[in-house]
Amino acid sequence: MDTLSLLMEGFAGALTFQNIFWVVLGCFLGTAVGVMPGLGSSMAVALLLPVTFALDPTAAFIMFSGVYFGGLFGDSTMGILMNTPGQASAIASTFEGHKMAQNGRAPQALATAAIGAFIGGFVASVVVVFFAPFLAEFSTKFGPAEYFALALFAFVATSSVVTDSAVKGLLSLAFGLGIAVVGIDSVTGIPRFTMDSPYLFDGISLVTVTVAVLALGEVVYFATVARFKSQGEMLKSKGRPWLSRAELREAAPAWLRGTAIGLPFGVIPAGGAEIPTFLAFGAERKLDRRRPDPQFGKGAIRGLAAPEAAGNATTGMAMGALLALGLPVSATAAIMLAAFRQYGLQPGPLLFERAPDLVWALLASFFIAMIVLLVINLPFAMVWAKLLLIPQPYLYAGITVFCGLGIYATSGSTFDLLMLLGVGLVGFLMRMHDYPLAPLIIGMVLGPLAETSLRDALISADGDPAVLFTGPIVLVLYGVLLLVLLLTLRSKVTSRTRRDV
């Protein structure tokens, strides 16, 4: 009952005219950026991060919730219509979604994706409302050793488990950790890797790196390398933009199964929604093989419904993990954590005590964002697809200018603009050589937490490293990490053996 009363207070704060305006604007901007070629939900959040600093924290994060979920809604639109998903998490939806579009069922495919994203996100929001306070209370048992183990779990999982090359993932992580240690050491006061430049005494801005890597680097990549790769032709959409009763009966179990698969991954630092979407797709394909008339490969509606629900369920739960533990499970969540820190807020158990108005208004805004996104996507998905007709040179030039204006508006420093350009070129080179970007962002965001926790743990134990392996929570985290690594190693060895055969 206490949770429900707090949620009602959150709705009272979120349902003001000003906050409704910001959540609707965030939904529109997130969907628009998510639909555009080469962009996606991660870039939507990164690109709009500097814009929100002019707002008060509650309005800013309510807008962010709209941008975050709106980008996910938009990611699958291009995958369905052009067979070119905006994010890795939308790849699984593309397999059967594009087949449906080729068979003249594009409106039904877009409606399936929109309803699946709504169900997954809405159920996850309900779970977060009741689960996050208990998770926050549980996290009060975390000490320095536990936080170090949690950060190490996130580092290894995002760099080794969800990447094709563990070496490239670890190198990307090392680059992020290297950026994180630049500046004056908070304990000793000694400058580290600053090259005696006063511009680096405060470190390298996470906002600058995020916009450079996820926005500017991607723009340079798509304007140079990807433009020479053939892209699918956008399929036209004609017919009813809703589902029949038979289609609803077919898709409903897949939506529920996808949601159930996606929820646990929201609190596991495994790189975001890519793994659960493929798991949901694989589960539906196995079930389809048992049917007398298999539909997969022909445009099976369940092959689209399950991944969409799983992806948004993971994203919704990820916000719960971020608010309760301060743990980002994906690059996009790491950007959100950076936004909290820009406002002097640290997600975790104390956030529910120190800023309850913000937390519960933000949780209430998740429900509002889901409803708004369903309204603007279910009947108008093809209107959003018209954004794909924008000439790419104008699109990329506009994004580049927006990157520079956003960074200069937040810092007023030409040095940060030069840093934006330099890190953006590094991001472009990483993208061109298939280095994952998520470990870089995770390393930069969680690097200071890992360093501080390691120092505090060792100081409290007079330098005895055994303290890092003491306690049930620590042992469970390391045990789960070891199990995940063994399963990942087994799957990679098995897949390599099959290729050799």
Side-chain angles (χ1 to χ4, degrees), residues 29 33 36-54 86 168 171-184 191-228 331-332 334-335 338-339 341-342 390-445 447:
L29 291 175
V33 177
M36 291 180 185
L39 307 189
S41 54
S42 295
M43 188 188 288
V45 177
L47 201 59
L48 296 169
L49 178 61
V51 178
T52 61
F53 293 156
K168 290 182 177 181
L171 287 173
S172 178
L173 173 67
F175 183 48
L177 292 172
I179 295 175
V181 298
V182 173
I184 295 178
R192 301 186 298 187
F193 309 107
T194 61
M195 296 176 288
D196 294 327
S197 171
Y199 295 109
L200 295 175
F201 284 170
D202 291 330
I204 299 175
S205 169
L206 177 60
V207 178
T208 302
V209 174
T210 300
V211 174
V213 171
L214 295 178
L216 186 60
E218 288 287 301
V219 164
V220 176
Y221 174 78
F222 275 92
T224 55
V225 178
R227 64 179 297 183
F228 299 109
T332 314
I335 302 169
R341 290 178 178 174
Q342 290 291 332
I390 297 176
Q392 292 190 358
Y394 299 155
L395 176 64
Y396 297 142
I399 293 172
T400 303
V401 171
F402 199 77
C403 290
L405 286 176
I407 294 301
Y408 190 77
T410 56
S411 66
S413 170
T414 53
F415 179 81
D416 280 351
L417 290 177
L418 295 174
M419 184 65 68
L420 173 72
L421 179 60
V423 178
L425 291 176
V426 173
F428 159 68
L429 293 174
M430 292 179 65
R431 184 73 168 83
M432 187 169 64
H433 295 287
D434 294 324
Y435 279 79
L437 300 177
L440 187 156
I441 303 297
I442 296 288
M444 191 175 177
V445 170

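Leu440 has its side chain within reach of Val209: a pair of non-hydrogen atoms, C-beta onward, lies under 4.5 Å apart. Residues Leu216 and Phe428 are not in side-chain contact: their nearest non-hydrogen atoms beyond the backbone lie 4.5 Å or more apart. Considering only heavy atoms from C-beta on, Ile441 stays 4.5 Å or farther from Met444 through its side chain. The side-chain heavy atoms of Met432 and Val220, taken from C-beta on, include no pair separated by under 4.5 Å.
Lys168 approaches His433 most closely through the heavy-atom pair NZ-O, 2.9 Å. A pairwise comparison of heavy atoms in Gly443 and Leu177 identifies O-CD2, 3.4 Å as the closest pair. Of all heavy-atom pairs spanning Pro191 and Phe201, the tightest one is CB-CE2, 4.4 Å.
Annotation: the span from Ser172 atom OG to Ile442 atom CD1 amounts to 10.0 Å, rounded to 0.5 Å. Going from atom OG1 of Thr210 over to atom CD1 of Ile407 covers 8.5 Å, rounded to the nearest 0.5 Å. Considering CG of Leu420 and OG of Ser205, their distance stands at 10.0 Å, rounded to 0.5 Å. How far CE of Met419 is from CG of Leu200: 5.5 Å, rounded to the nearest 0.5 Å.
No donor-acceptor pair closer than 3.5 Å links the side chain of Thr208 to the backbone N or O of Asp416.
Here side chain to side chain donor-acceptor pair (under 3.5 Å) pairs that include residues 421-430, with residues two or more places apart or in two chains, number zero. Residue pairs satisfying the side chain to side chain donor-acceptor pair (under 3.5 Å) criterion with at least one member in residues 193-203, sequence neighbours excluded, are absent.
Taking the side-chain contact (heavy atoms from CB on, under 4.5 Å) definition, one finds that Leu437 meets it with Val213, Leu214, Glu218, Met430, sequence neighbours left out.
In the displayed structure, Phe193 atom CZ is contacted under 6.0 Å by at most 12 heavy atoms of other residues, nucleotides or ligands.
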